[in-house]
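Just so it is clear: chains get the letters A, B, ... in the order the sequence lines come, proteins before strands, and each one is counted from 1.
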Number of protein chains: 2
Amino acid sequence: MNAQFKNIHKVISSYIEISDEEWAHYSSMLQVKEIKKKDIILSEGSVCKEVFFINKGLLRIFFVDNNGEEKTFHFALEKTFATDYKSFLKEIPSNYSIQAMEDTQVLVMSLDMILGGYKMLTNGEKLGRLLAEDYFFMFNDKIQAMYTQTPLERYNDLTSSFPKIFQRVPQHLIASYLNISSVHLSRLINAS
Amino acid sequence: MNAQFKNIHKVISSYIEISDEEWAHYSSMLQVKEIKKKDIILSEGSVCKEVFFINKGLLRIFFVDNNGEEKTFHFALEKTFATDYKSFLKEIPSNYSIQAMEDTQVLVMSLDMILGGYKMLTNGEKLGRLLAEDYFFMFNDKIQAMYTQTPLERYNDLTSSFPKIFQRVPQHLIASYLNISSVHLSRLINAS
DNA sequence: TTTCAACGATAACAAATGTTATCAGTTTCA
DNA sequence: TGAAACTGATAACATTTGTTATCGTTGAAA
């Protein structure tokens, strides 16, 4: 098997059973793409045409609020998917932009590939369901955290679940992810 | 067809094609349940064993934060589903409680019914996928609103998308839904 | 190598939001 | 029907968070 497809095969196999034949056919539709640091692979206002699976690197999903300021919605790590799923599936303009925080290697899945997978793969619909459920759970947790936790608590959770993030992402983007100002995050960190 | 099943049939048919035979079999597993105002049909800490489809009435999904205060996560309206999907599917204790805000009639779907539907119905997995996707989109929008909107803006959105809510829900629960104190909401409304 | 932009800390001040307490009108229910 | 709980407004005050500006350091690019 193409070594570049090892990670995604592992992830998909964790959701459904997929035979070698099916995988060979399915994975042949994957495209490898190298993204340079700071490059934008989805721009707000355009339809999201792809789902990205991150082999190596780090993506940032953000949008621009009413005051023209960027808000970081999500940091997408290795071995996870990144996309604007709503824009992608409904083929409507996206509210989000996606930018590489580092030189990043992604596998690109087109809408045809995803929709085709629902029909072609024995467990295609199930894969779609389980992925949607998992990301639904993730969002559920995120909402609950926004309801119940203080910015400092969310900061501490982030550092404990993803300690290396500070070597990979500037602090003011973490502030925007936590939905607080960079000044305030600096205050929290330096405990004044 | 059982008149009580008309609403849910309409909703499910909007997601997938389902034959009359399949529907007859599937809907025979539905149970009708009447809930009295203030009754709790899911308690935090217990495993959520059901998905509720609301025929008539209004449910409130809430949890208790670290300070022991209730936070209203969601108001579930007629013709929508209410559950703790994560607790339900993973069979783990729930973080949420579900309470009736009015005398409410729900249709009860068990885990066996849902899982059985994935296999039994021609488009069962697809139904599960589309529902998960839709609720995923809903959560996505909710997160974005929490990032970008002021409490007043969220309040105005709520009133325009659901004008009658104030006749059905006390104001302090709306405040907890907006994640602000009841005092603050009162101030916003009375524009001081 | 030099220069400029990016980054993070800090201070001073402003705005948003929470907390506590009180009070009056309603609803509930024993 | 009457007491108690519930509800929402309001005031006073405290806390959190944002805004703007400055400054020194660092990193990137010409």
Side-chain angles (χ1 to χ4, degrees), chain A residues 35-40 57-58 60 62 64-72 75 99-104 145-159 164-192, chain B residues 35-40 58 60 62 64-72 75 97 99-104 145-159 164-192:
Chain A
I35 311 163
K36 291 221 168 152
K37 181 173 179 173
K38 294 191 180 174
D39 277 4
I40 290 193
L58 179 57
R60 167 179 167 253
F62 68 95
V64 178
D65 71 10
N66 304 327
N67 304 320
E69 292 182 14
E70 289 183 5
K71 299 274 188 173
T72 299
F75 293 113
Q99 182 184 38
M101 302 304 297
E102 312 169 345
D103 291 350
T104 296
M146 292 176 86
Y147 265 103
T148 56
Q149 296 187 296
T150 64
L152 182 56
E153 287 169 336
R154 279 181 279 136
Y155 171 83
N156 287 331
D157 277 8
L158 182 65
T159 59
K164 289 179 190 161
I165 194 167
F166 297 95
Q167 286 103 55
R168 299 177 72 177
V169 175
Q171 185 173 302
H172 69 275
L173 292 184
I174 292 172
S176 96
Y177 174 77
L178 296 173
N179 203 20
I180 59 177
S181 69
S182 58
V183 174
H184 188 51
L185 179 58
S186 175
R187 277 191 294 232
L188 293 176
I189 292 175
N190 300 90
S192 76
Chain B
I35 312 163
K36 291 220 168 154
K37 182 172 179 174
K38 293 191 179 172
D39 277 4
I40 289 194
L58 180 58
R60 166 177 168 254
F62 68 94
V64 178
D65 71 11
N66 303 328
N67 304 320
E69 292 182 14
E70 289 185 2
K71 299 275 188 172
T72 299
F75 293 113
S97 298
Q99 182 183 39
M101 303 303 298
E102 311 169 347
D103 291 351
T104 297
M146 293 176 85
Y147 264 103
T148 57
Q149 297 188 297
T150 64
L152 183 55
E153 286 169 336
R154 278 182 280 135
Y155 171 83
N156 288 331
D157 277 8
L158 183 64
T159 59
K164 290 180 191 160
I165 194 166
F166 296 97
Q167 286 102 57
R168 301 176 71 178
V169 175
Q171 185 173 302
H172 70 275
L173 292 184
I174 293 172
S176 97
Y177 174 76
L178 296 173
N179 203 19
I180 59 177
S181 70
S182 58
V183 175
H184 189 50
L185 180 57
S186 175
R187 277 191 293 233
L188 293 176
I189 291 175
N190 300 90
S192 74

ask   = Got a sec, which residues hit salt bridge (Lys or Arg N to Asp or Glu O under 4.0 Å) with B/Glu153, two or more places apart in sequence or on another chain?
value = none
remark   = By side-chain contact (heavy atoms from CB on, under 4.5 Å), B/Leu152 pairs with (sequence neighbours left out) B/Thr150, B/Tyr155, B/Asn156, B/Leu188
query = Does a side-chain N or O from A/His184 land closer than 4.0 Å to OP1 or OP2 of D/dT16, or not?
reply = no
ask   = Taking only residues two or more places apart in sequence, or in another chain, which ones meet A/Arg60 in a salt bridge (Lys or Arg N to Asp or Glu O under 4.0 Å)?
value = A/Glu70
request  = Mind jotting down which residue pairs meet the salt bridge (charged side-chain N to carboxylate O under 4.0 Å, His left out) criterion with at least one end in residues 169-185 of chain B? Sequence neighbours excluded, please.
outcome  = none
ask   = So do the side chains of B/Val64 and B/Lys71 get within less than 4.5 Å of each other, counting heavy atoms only?
value = no
ask   = Using the C1' atoms of five pairs at each end, what's the angle between the two axes of the helix from C/dT1-D/dA30 to C/dA30-D/dT1, to 10 degrees?
value = 50°
key: Whole angstrom value for the distance that separates P of D/dG8 from CD1 of B/Ile180   = 13 Å
task = Send over the distance from A/Met101 CE to C/dA6 C1', rounded to a whole Å.
result = 12 Å
query = Please give, in whole Å, the distance from D/dT17 P to A/Glu153 CD?
reply = 10 Å
task = Mark yes or no for a side-chain to base donor-acceptor pair under 3.5 Å between A/Arg187 and C/dG8, with no hydrogen or angle criteria applied.
result = no
task = Ignoring backbone atoms, establish whether B/Gln171 has a side-chain N or O less than 4.0 Å from OP1 or OP2 of D/dC6.
result = no
inquiry  = It should be established whether B/His172 places a side-chain nitrogen or oxygen under 4.0 Å from OP1 or OP2 of nucleotide D/dC6.
reply    = no
query = Which residue pairs satisfy the ring pair (Phe, Tyr, Trp, His ring centres under 6.0 Å) criterion with at least one member in residues 167-191 of chain B, sequence neighbours excluded?
reply = B/Phe75-B/Tyr177
request  = Give the rounded distance in Å between these two atoms: CG of B/Asn190 and P of D/dG8.
outcome  = 11 Å
inquiry  = What's the closest nucleotide to the side chain of B/Ser186 if the choices are C/dG18, D/dG18, D/dT10?
reply    = D/dT10
key: Residue pairs passing the salt bridge (charged side-chain N to carboxylate O under 4.0 Å, His left out) test where at least one lies in residues 167-182 of chain B, sequence neighbours excluded   = B/Glu78-B/Arg168, B/Glu102-B/Arg168
ask   = Could you give the CG-to-C1' distance, from B/Asn179 to C/dG18, as a whole number of Å?
value = 12 Å
task = Would you mind building the protein contact string for nucleotides 21-30 of chain C? One character per nucleotide, 5' to 3', B for base within reach (heavy atoms under 4.0 Å), S for sugar-phosphate only, - for untouched.
result = ----------
inquiry  = Using whole Å, what does the distance between atom C1' of nucleotide C/dT17 and atom CG of B/Leu185 come to?
reply    = 12 Å
query = Between atom CG in A/Leu188 and atom P in C/dT10, what is the gap in whole Å?
reply = 13 Å
ask   = Which part of the nucleic acid, if any, lies within reach of A/Asn67 when heavy atoms closer than 4.0 Å are counted: base, sugar-phosphate only, or nothing?
value = nothing
key: Interatomic distance where CG belongs to A/Leu178 and C1' belongs to C/dG8 [whole Å]   = 16 Å
key: salt bridge (Lys or Arg N to Asp or Glu O under 4.0 Å) against B/Glu69, all qualifying residues, sequence neighbours excluded   = none
query = For A/Ile40, does its backbone N or O pair with a side-chain atom of A/Gln99 as donor and acceptor, under 3.5 Å?
reply = no
